[in-house]
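All values reported here derive from a predicted model rather than from experimental measurement. Just the heavy atoms: all of them, side chains too, but no hydrogens, waters or symmetry mates, feed the values below. Each ligand, and each atom within it, is numbered from 1 in the order the structure gives.
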Amino acid sequence: MDGAGLVRDALEDLCREHLVPQVALDRHWPWARVRAEQEERRLFEVMRRLEPEEYRQARALLAECPAGPLRVLRKRWDRLWMRFDFFESVSDWPWCQLEGWWYPCPKCRWPMRVVETGQEVEVRCEAHRARGVHYRLSLERGGRGVAPVLVGTGRASEPVVGFPASVDHLALSRPVWRYGVLPTLLEIELRDRLKDQAHVRVEMWPGELRPDEYDLRITVAVPGRPVRTWRVDAKDWASAAALAKALLEREPKPYTLFIVVPDHQAHEVAYLKARLTGRRTKVLTLTRLVEQIKRAARGVQ
Ligand SMILES: [Zn+2]
């Protein structure tokens, strides 16, 4: 808990990923772990039922349109809108409201958390705070009908504007954000970092049998050398232990699967590798994978 007696961001995800006895947290933490798990399973079931083209569309929309005014979301999600009922009203989420306004993170576009401690107000993205997405409330006040102004305090704190936290502003549920939006952003980052690399081809959500089989297929074809292929799944979990457990529950694939995690989880790679030995699974950070592929593309073994 933080000084104000609120559950800290990371703790909330840890509790959701592990089976924490609900009674222990009931007083401070109203969401049931079971709900996160059900919601995550429901997301994958909905995704699995989509046609390959719709699946790719949905993945791209998770990254581009996870929150916003209802009319904008409905237009962008278009024919997927009715099938993708994972949106909740921001007005029901007090944790992201500042005087009746909410602010999308410049990286994931999902509502940032508002933390008031005494006189200080900090607004930050739970997932991207470590990468420098945090703000403080400006002393300069907006006035009636205008969102309070935020001043960036981190290296990635691009200017943001507030939206009214009204019933017609929606955001994807928290489990869908964590297990759908965040890994999709990681995959897109990986693709973009390899975009201009000669001899490298990146396919998003190709799946040989089904598009959700794995996330990316990266092929390196250097003339005169054998073609090399990486099949990659991106994972952005708060807990490495829970991630290892989830991966161990899956059937091993008939090919080597590369699990890519965010760079800030570099210290957990060794643990994940140890847990997953003998499973034809390799674990590395985004930057390490990019380096490995670039080396292969330059013809270095
Ligand atoms: Zn974010």
For [Y], is there any backbone N or O sitting under 3.5 Å from a side-chain donor or acceptor partner on [X]?
{"X": "Thr153", "Y": "His134", "result": "yes"}
{"X": "Arg124", "Y": "Arg113", "result": "no"}
{"X": "Arg191", "Y": "Val202", "result": "no"}

For a side chain to side chain contact (heavy atoms under 4.5 Å, CB included) with Val283, tell me which candidate from Leu289, Leu243, Leu272, Leu257 qualifies.
Leu272

Distance below 2.8 Å from the Zn ion (ligand 1): protein N/O/S atoms:
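Sorted hits: Cys105 SG, Cys108 SG, Cys125 SG, His128 ND1.
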
Do Leu137 and Glu116 come within less than 4.5 Å of each other through their side chains, counting heavy atoms only?
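Not in contact.
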
Would you say that Val269 contacts Arg288 through its side chain, given a criterion of any heavy-atom pair below 4.5 Å between the two side chains?
no

